[in-house]
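The block underneath contains the structure these notes are about, expressed in structure tokens.
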There are 2 protein chains.
Amino acid sequence: MQNKQDEKVKDRISRFESLCREKGIPVTVQRRVILQTLLQRQDHPTADQIFEDVRKQIPDISRTTVYRVLEALVGLAVIRRVHSMGNAVRYDGNIHRHHHLVCRECGRMADWESPELNNLPMPKRKALGFHIDDYTIQFMGICAECRRQLEHEG
Amino acid sequence: MQNKQDEKVKDRISRFESLCREKGIPVTVQRRVILQTLLQRQDHPTADQIFEDVRKQIPDISRTTVYRVLEALVGLAVIRRVHSMGNAVRYDGNIHRHHHLVCRECGRMADWESPELNNLPMPKRKALGFHIDDYTIQFMGICAECRRQLEHEG
DNA sequence: CTCCGTGCAAAAGGTTTGCACTGGT
DNA sequence: ACCAGTGCAAACCTTTTGCACGGAG
């Protein structure tokens, strides 16, 4: 069981290394250990939590490096941010069930309402200890303005 | 059209005032204007964006008040946070389509996989200018630990 | 050998807190 | 009059940036 998980992690890491070689990006100890640390956790840690973990293996690593490497890994699509908006809390005056279109680039959000999405099968109360009573879907993509900008850059 | 929207806002505000009276919570100018400001916007502003807006009506309002009032309104279920995790970015090593159970109280998250949720009808490319290519569902509720704690408090 | 990645320190957001004062009820 | 809400300033936490050094390709 544990071995199976370990193998998966090893596999992901070696695929990451191939990807780096392909793109001519240096494979550093820090990157390998940061990726490994995230992959070994079953939760969804913050950069700082990863920093604390990684420190056990690389005591002199800098917090800055952890932040930079994580964003680099996101850029390579090796890992994901859990939610792709900026780092400020956003508020919504609409309290009935509705969904959002979110731009990966700039965090811009638009509402998305669709009756067929409003009666999905919910995890039953008690799922994993959670009492779930509502849900909201984030549709992810690129907004018109960012698309235009990306095209202009090349 | 505009009048219809204005009426909705007025209605929400007067319902908010009733709720306050019911609970013996003071209705202040600041609260009314902050709520109104959020309701009049069609986007999902940050506390700071609301602060800038509200300033036009109450030039001497403090940023602190805006932060506090918004959280108070969330507590009363009059408005919502767009995503209910803490204020640090979280990373996920799992890059295939999957969903999350999120605790409203503490932000704890668990993965939720369900084949029947992995082929929902997506907004067609171009919806509102967005090119959507993926989605993820956030199921919202209370985790076991927070439930226990809330019961202990009364 | 050349760059990119790293570490450090400082700055830049975003948010919270303690305290004195003001304003709703 | 009482208590909760507000404003201010300072603290705090998370993230970003500039620069000099060191290690990977």
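Chain identifiers are assigned alphabetically (A, B, ...) following the order of the sequence lines, protein sequences preceding nucleic acid strands; residue numbering begins at 1 within each chain.
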Worksheet item: Looking for any heavy atom pair under 4.0 Å, which part of the strands does B/D48 touch: base, sugar-phosphate only, or nothing?
Response: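 If one applies the 4.0 Å heavy-atom cut-off, B/D48 turns out to touch nothing in the nucleic acid.
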Discussion item. Quick check on DNA chain C: between B/E71 and B/T28, whose nearest nucleotide comes earlier from the 5' end?
Written reply: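 Its nearest nucleotide being more 5', the pick is B/E71.
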For [X] and [N], what is the distance between atoms [atom1] and [atom2] respectively, to the nearest whole Å?
| X | N | atom1 | atom2 | answer |
| --- | --- | --- | --- | --- |
| A/I25 | C/dT6 | CD1 | P | 11 Å |
| B/N87 | C/dA12 | CG | P | 21 Å |
| B/F51 | D/dT6 | CZ | P | 14 Å |
| B/K23 | D/dG5 | NZ | C1' | 17 Å |
| B/I50 | C/dG14 | CD1 | C1' | 14 Å |
| B/R63 | D/dC8 | CZ | C1' | 12 Å |
| A/E22 | D/dA24 | CD | P | 21 Å |
| B/L70 | D/dT6 | CG | C1' | 14 Å |

When you measure from the side-chain N and O atoms of [X] to the phosphate of [N], is any distance below 4.0 Å, counting only OP1 and OP2?
| X | N | result |
| --- | --- | --- |
| B/R31 | D/dG5 | yes |
| A/T65 | C/dG5 | no |
| B/Q30 | C/dG24 | no |

Interatomic distance, [X] atom [atom1] to [Y] atom [atom2] [nearest 0.5 angstrom]:
| X | Y | atom1 | atom2 | result |
| --- | --- | --- | --- | --- |
| B/L70 | B/F51 | CG | CZ | 12.0 Å |
| A/M140 | A/R80 | CE | CZ | 5.0 Å |
| A/D6 | A/L39 | CG | CG | 11.0 Å |

Worksheet item: Considering heavy-atom distances to DNA chain D, does B/V29 or A/T46 have its closest nucleotide positioned more toward the 5' end?
Response: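 Nearer the 5' end of the strand: B/V29.
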Side chain of [X] (C-beta onward), nearest among [options]:
| X | options | result |
| --- | --- | --- |
| A/Y67 | D/dG25, C/dT15, D/dT15 | D/dT15 |
| A/S62 | D/dT15, D/dA4, C/dC8 | C/dC8 |
| B/T64 | C/dT15, D/dT15, D/dC8 | D/dC8 |
| A/R68 | D/dT14, D/dT17, D/dA9 | D/dT17 |
| A/A88 | C/dG14, D/dG7, D/dG25 | C/dG14 |

Practice prompt. Answer with yes or no whether the side chains of B/H44 and A/N94 bring together a donor and an acceptor at under 3.5 Å.
Written response: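 No.
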Worksheet item: Going by an N to O cut-off under 4.0 Å, is there a salt bridge joining B/D11 and B/R15?
Response: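 Answer for the salt bridge query: yes.
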